[in-house]
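Residues: numbered from 1 along the sequence shown.
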Amino acid sequence: MMETLVTFLLTGSLIQGVLCGFNISLPKRVEALNGSCVFIPCTFDIDQQYKDNLTDSAKRMWFKAGGSTAVFDSSSPNTGLLKGEIFGTATQNNCTTRIDNVDQSHRGSYYFRIEANGKLQYNYTGPTYSQVQIGVLASPPKPTLSVFPDQQKVRKEVEVFEGSSVSLRCSTKIFCPSRPPSLTWSSSLIESVTGQQYQSQTDIISDLNFTVSHRHHRVTFTCTATHQIQKQNTTKRSHLLSVQYAPKNTSVRINPAGLVLEGRSVTLSCSSDANPAVNYTWYRDTERPLNPVQTGPNLTINNTDPTHSGRYYCTAENKHGTQNSSVLLYVQIQTHFCLRPADN
């Protein structure tokens, strides 16, 4: 378990200082979230002449660069400026340390010191040895969103195709392995969405996998990262899905609705749900083969007469496919009556 924990939070490569058998290995920099904790992975070696002086009761301490007072002491880990826990034992050469409740006052460079039996007293300090820089963020960064299989960071809007399999990946950094953040998904659809969450060495990751349909067009998916610090802190990042799909729900209506009288005007309107937008073409069933009558969503007939009666077809087409719909138009002849005065 400890081997897993110490792999977190490396923001720079491990560096070593070497002189007369005194060696130390620790990252150049670690980042903490204000109110959370931070791990400093660390191992050390001593000169062989002091090997017998090193016992598990040895003091393992941290000093802030430029300071003369220990800010962390393994013999009293909750009394200094830095409060937390040091892992393993001195004879295991372990100096990995967890610092709790980090705040802005903890920013700066730190070096390690070992003390044992009076004879062994050594500062692993510069310029020969490395120091670790602790950076403190006031608030957590927003999570990162990526789309697969393209494996690219999501722009504000990404174009996908109906029927394709898509995975939205959300990730956020783990600042405190003992209190990792959590990720949740939501969408502008009524239905709930749940991702598959897992953990890498440095991040919490959640994958939202689904097959794209036209219902997902213009739907916003939001990933929320919740960090467990002194006060719960959440950050969000959203993605608007743009789905390409063939025409659906194509229909034709007559305006005005109802009976069409000879001599009146009538408009046939065609609509369709598609992305990208469709082109409309009108046909009449009196044509064999059917020849286009007009293009565009509306077909207007002025001064109607019985010859305009018949079935009209609308074809909606984009690069992904076509769909047809039709309507039957019947023009009623107006009958005129001549009234004569009655004979007396």
Side-chain angles (χ1 to χ4, degrees), residues 1 4-5 7-11 29-39 84 98-104 106-107 134-162 164-244 275:
M1 177 66 177
T4 301
L5 291 178
T7 59
F8 285 98
L9 305 172
L10 296 186
T11 58
R29 178 180 173 86
V30 292
E31 280 191 337
L33 184 59
N34 193 68
S36 186
C37 77
V38 66
F39 274 77
R98 186 193 74 240
I99 307 301
D100 295 327
N101 300 322
V102 177
D103 61 37
Q104 295 296 330
H106 296 147
R107 296 173 60 187
I134 296 180
V136 182
L137 301 178
S139 59
K142 287 185 176 183
T144 299
L145 272 181
S146 302
V147 62
F148 290 80
D150 293 337
Q151 299 186 5
Q152 61 184 354
K153 285 187 177 181
V154 169
R155 303 179 296 274
K156 288 185 177 180
E157 184 174 326
V158 167
E159 196 170 79
V160 293
F161 298 93
E162 184 174 35
S164 62
S165 296
V166 169
S167 176
L168 295 179
R169 173 165 293 180
C170 180
S171 63
T172 192
K173 184 177 178 180
I174 299 172
F175 290 93
C176 182
S178 60
R179 288 182 288 170
S182 62
L183 297 173
T184 55
W185 289 94
S186 60
S187 80
S188 54
L189 287 174
I190 297 176
E191 63 192 42
S192 61
V193 287
T194 303
Q196 296 178 333
Q197 186 165 294
Y198 57 98
Q199 188 170 304
S200 72
Q201 288 188 337
T202 58
D203 297 298
I204 288 288
I205 301 168
S206 181
D207 287 342
L208 184 62
N209 306 306
F210 57 97
T211 300
V212 177
S213 78
H214 67 282
R215 294 173 54 253
H216 295 122
H217 183 52
R218 310 303 295 175
V219 169
T220 298
F221 291 88
T222 300
C223 176
T224 300
T226 302
H227 293 264
Q228 305 298 329
I229 53 181
Q230 290 172 337
K231 289 185 178 180
Q232 209 174 64
N233 194 307
T234 60
T235 56
K236 300 180 180 182
R237 193 176 291 274
S238 297
H239 161 55
L240 182 65
L241 206 63
S242 176
V243 181
Q244 297 261 313
N275 187 41

Residues at least two apart in sequence or cross-chain that pass side-chain hydrogen bond (donor to acceptor under 3.5 Å, both in side chains) with Ser187, listed by chain then number, are none

Not counting sequence neighbours, which residues clear side-chain hydrogen bond (donor to acceptor under 3.5 Å, both in side chains) with Thr222? List them please.
Ser238

Phe221 vs Phe210 aromatic rings, parallel, tilted or perpendicular, using cut-offs 30° and 60°?
parallel

Sequence-distant partners of Ala32, side chain to side chain contact (heavy atoms under 4.5 Å, CB included), two or more places apart:
Val38, Val102

For residues 233-242, which residue pairs pass the salt bridge (charged side-chain N to carboxylate O under 4.0 Å, His left out) check, not counting sequence neighbours?
none

With sequence neighbours left out, write down each residue that passes ring pair (Phe, Tyr, Trp, His ring centres under 6.0 Å) with Phe161, or none if nothing qualifies.
His320

Under the side chain to side chain contact (heavy atoms under 4.5 Å, CB included) test, which residues partner Gln104, sequence neighbours left out?
Asn34, Arg107, Val136, Ala138

Under the side-chain hydrogen bond (donor to acceptor under 3.5 Å, both in side chains) test, which residues partner Arg215, sequence neighbours left out?
Glu191

Among residues at least two apart in sequence or on other chains, which ones pass side-chain hydrogen bond (donor to acceptor under 3.5 Å, both in side chains) with Arg169?
Tyr198, Asp207

Any Ser165 side-chain heavy atom under 4.5 Å of Thr211 side chain
yes

Using a 4.5 Å cut-off on heavy atoms from C-beta on, say whether the side chain of Leu168 contacts that of Trp185.
yes

Across all chains, not counting sequence neighbours, the ring pair (Phe, Tyr, Trp, His ring centres under 6.0 Å) partners of His106 are none

